[in-house]
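The next block holds one structure in the form of structure tokens; read it before the comments.
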Amino acid sequence: MTGSASEPRDAATFTPAPGSGDAPAPAAPSAPAPGPRGTPASAASATAATHPPGAPYDLLVVGAGAAGLAGAVTAAALGLSVALADSSEQTGGQFYRHPAPGLGARRPEALHHGWSAFADLRHRLAASTVDHLASHHVWSLVREDDGTWSAHALTGPDGTADAPVRIRARTLLLATGAYERQLPFPGWTLPGVVGAGGAQAMLKSGLVLPGRRVVVAGSGPLLLAVASSLATAGARVPALVEAAGYLRYGRAPRVLAANPRKAVEALAHTAALVRRRVPVRLRSAVTEVHGTDRVEGVTVARVDREWRPVPGTGRRIACDTLAVGHGLVPQIDLAVTVGCATRVRPDGTLGLALDDHQESSVPGLWAAGETGGVGGAELALTEGELAGRAIAARLLGDRAEAGAGAGPRRRRDRMRAFADVMAAAHAPGPGWPDWLTDDTDVCRCEEVPAGRIREAVSDLGARDARTVKLLTRAGMGWCQGRMCGTAVSCLAAAGATPEPPAERRPFALPVPLATLAALDAPPGPDTPLDIPPPSGGPTAPTPR
């Protein structure tokens, strides 16, 4: 999705209105100057002293968001040698996304809930022995004959810098987060249509607005945060359009009572919208976008309980940007390729099947955060800590504080129950394909319209997304079905309950042929797969 950007009012010193829920947190302690690959110098030296050359790490954590950070610092504090690989140059993931230092933002915490928790994790990371591998894009995992794991990664901000690397570890913790789910509608390919999470990312990391008059639409609790953030930063938000209602939350009063902080967050965002006179339209959806060269307006219609548009309820709203999203999908590509079992979540997405200690069905591989189902940063932090303790207990036995996981498990179970209620409340209804005209592109990459997919189902006998893909090329493009997978599955089901997209991809991201060729290079200190040692450590190749 594309869109224009404009500077928010007083972006560098942005301060939320009183009562918005974003109370200022203490400034995060400044971290030491980074060493190679983003490793703080003090941590790198400690890592070199505790991680013997020629040996695999005890633990490789993939993803430096809330769950990954919590798992890495917990495991390191218990005595494990830990590597933390992440595609970004900064820690924090999507939730704690923050401006680059060069933008000069004095109070990045102003756009976040729970910033103090992240500041604490960042401080603990800087003081730990964790080897932080920034700008490392892990595209494949391999279980070696000796039982260790090898993670293959591209390096550099866009994955094209330097040489590809291979990281070896005894255990894995996947904290790869989630990506936005999109449901197509006429006009969704126009410039000015952006993902709801993408709009928030632009504001948090770039201090820019996606537009000046922004309609926020789709379904899920993220919409409240996006709309209140944009409105507080100076955008005009003509409407927040939520396809679901909130009555389904009331079906689980005990779960709600056990998670009062969630209600407080929702009330804080709602209060911010009321102060800025942002109307909230429940059980409504954007069914069409209008414009020629870019967005000029949207049609918002009431929808019934199955998300079918109610005839005669359409209303046009003028805007220059639409921020839209229908929930989040767990990012489980890496786990699925090595055989991890999955389970269908209440919102129809696939999450990893995990035990009480966050371990997957594949021994030696744990997961935390959104990989098991979307539940928010607080749940991710708890699951990361749980996984870090469980891994330490597995590797160190009696030397680890194995019994200390009871508290985190209780918190995890309480918040995971709320996540299930939330997922069920915002699950897309089966009638949403009625929004689509036959000429609406469903697969943007391959420009496959809805009519061609419907023809494959009705005339050619396709009954699943894979067959539709073979007959129409829907899902064969650059995104490998991440944008269109849900829509194709729903259209292929032809009114029946759709199977969630399988998320089976040989590689988690595009990989140059030269990288694949390098995998067969003979081992040696000068091969492209060697990782430089941490700053201050001995000169020795990272083992493979």
Side-chain angles (χ1 to χ4, degrees), residues 1-3 177-198 217-220 243 285-289 307 322-333 336 342 344-345 347-350 374 426-458 460 462-510:
M1 294 188 180
T2 57
Y179 59 92
E180 285 194 271
R181 173 169 56 187
Q182 298 294 340
L183 302 180
F185 44 83
W188 76 307
T189 57
L190 270 175
V193 180
V194 301
S219 186
V286 170
T287 56
E288 186 175 2
V289 178
W307 288 29
L322 170 65
V324 61
H326 296 85
L328 301 172
V329 179
Q331 182 84 31
I332 59 175
D333 315 55
V336 170
T342 60
V344 180
R345 301 275 301 137
D347 60 355
T349 61
L350 282 180
V374 176
H426 296 281
W432 74 264
D434 287 4
W435 306 347
L436 304 177
T437 59
D438 281 345
D439 61 351
T440 302
D441 277 339
V442 173
C443 175
R444 299 161 62 98
C445 301
E446 296 293 322
E447 298 182 340
V448 181
R452 195 185 309 170
I453 295 175
R454 287 168 172 155
E455 180 183 5
V457 174
S458 61
L460 303 180
R463 291 295 180 269
D464 55 63
R466 182 178 182 277
T467 306
V468 168
K469 178 178 179 178
L470 294 174
L471 292 172
T472 67
R473 295 189 60 82
M476 286 189 179
W478 183 264
C479 80
Q480 288 293 285
R482 290 177 178 86
M483 288 287 289
C484 66
T486 298
V488 172
S489 295
C490 289
L491 290 172
T497 302
E499 290 290 330
E503 303 293 337
R504 293 191 185 96
R505 301 177 181 95
F507 304 149
L509 49 91

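Each residue takes its place number in the sequence, starting with 1. The figures that follow rest on heavy atoms only: side chains count, while hydrogens, waters and symmetry mates do not.
- Going from atom CZ of Arg345 over to atom CG of Leu350 covers 10.5 Å, rounded to the nearest 0.5 Å.
- Taking 4.5 Å as the limit, every side-chain heavy atom of Val448 sits out of range of all side-chain heavy atoms of Asp441.
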Practice item. Evaluate the criterion side-chain contact (heavy atoms from CB on, under 4.5 Å) for residue pair Val488 and Val442; output intermediate values, then yes/no. Key: CA-CA 7 Å; Val488 172; Val442 173; 4.1 Å; yes
Point to revise | side-chain contact (heavy atoms from CB on, under 4.5 Å) between His426 and Ser219, intermediate numbers included | key: CA-CA 6 Å; His426 296 281; Ser219 186; 3.3 Å; yes
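- Heavy-atom neighbours of Glu446 CD from other residues, nucleotides or ligands within 6.0 Å: above the threshold of 12.
- A salt bridge does not link Asp464 with Lys469: every distance from a Lys NZ or Arg NE/NH1/NH2 to an Asp or Glu carboxylate oxygen is 4.0 Å or more.
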Exercise for review: Would you check, one step at a time, whether the test side-chain contact (heavy atoms from CB on, under 4.5 Å) holds for Leu328 with Arg181?
Suggested key: CA-CA 5 Å; Leu328 301 172; Arg181 173 169 56 187; over 6 Å; no
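- Geometrically, Arg444 engages Trp188 in a cation-pi contact defined by less than 6.0 Å to the ring centre and at most 45° from the axis.
- When all heavy atoms of Val374 and Ala178 are compared, the closest pair comes out as CG2-CB, 4.1 Å.
- Atom CG in Asp438 sits 12.0 Å away from atom CZ in Arg452 (nearest 0.5 Å).
- Atom CG in Leu470 sits 12.0 Å away from atom CG in Leu460 (nearest 0.5 Å).
- Within the model, atoms CH2 of Trp432 and CG of Leu491 stand 5.5 Å from one another, a figure rounded to the nearest 0.5 Å.
- In this structure, the separation between SG on Cys479 and CG on Leu509 is 13.5 Å, given to the nearest 0.5 Å.
- Other residues, nucleotides and ligands contribute at most 12 non-hydrogen atoms within 6.0 Å of the CZ atom of Arg466.
- Thr467 places no side-chain N or O within donor-acceptor distance of the main-chain N or O of Arg463, the cut-off being under 3.5 Å.
- At a threshold of 4.5 Å between non-hydrogen side-chain atoms, the residues Glu288 and Pro186 count as touching.
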Practice item. Show your working on side-chain contact (heavy atoms from CB on, under 4.5 Å) between Val468 and Val457 and close with a plain yes or no. Key: CA-CA 7 Å; Val468 168; Val457 174; 4.3 Å; yes
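- Under the 3.5 Å distance criterion, with hydrogens and angles disregarded, a donor-acceptor pair is assigned to the side chains of Thr437 and Thr440.
- Between the CD1 atom in Ile453 and the CZ atom in Arg473 there is a gap of 13.5 Å [rounded to 0.5 Å].
- Ring geometry for His326 against Trp307 counts as tilted: the plane angle lies between 30° and 60°, on a 0 to 90° scale.
- When each of Gln331, Glu180, Gln182 is checked for a side chain to side chain contact (heavy atoms under 4.5 Å, CB included) with Arg482, only Gln331 meets the rule.
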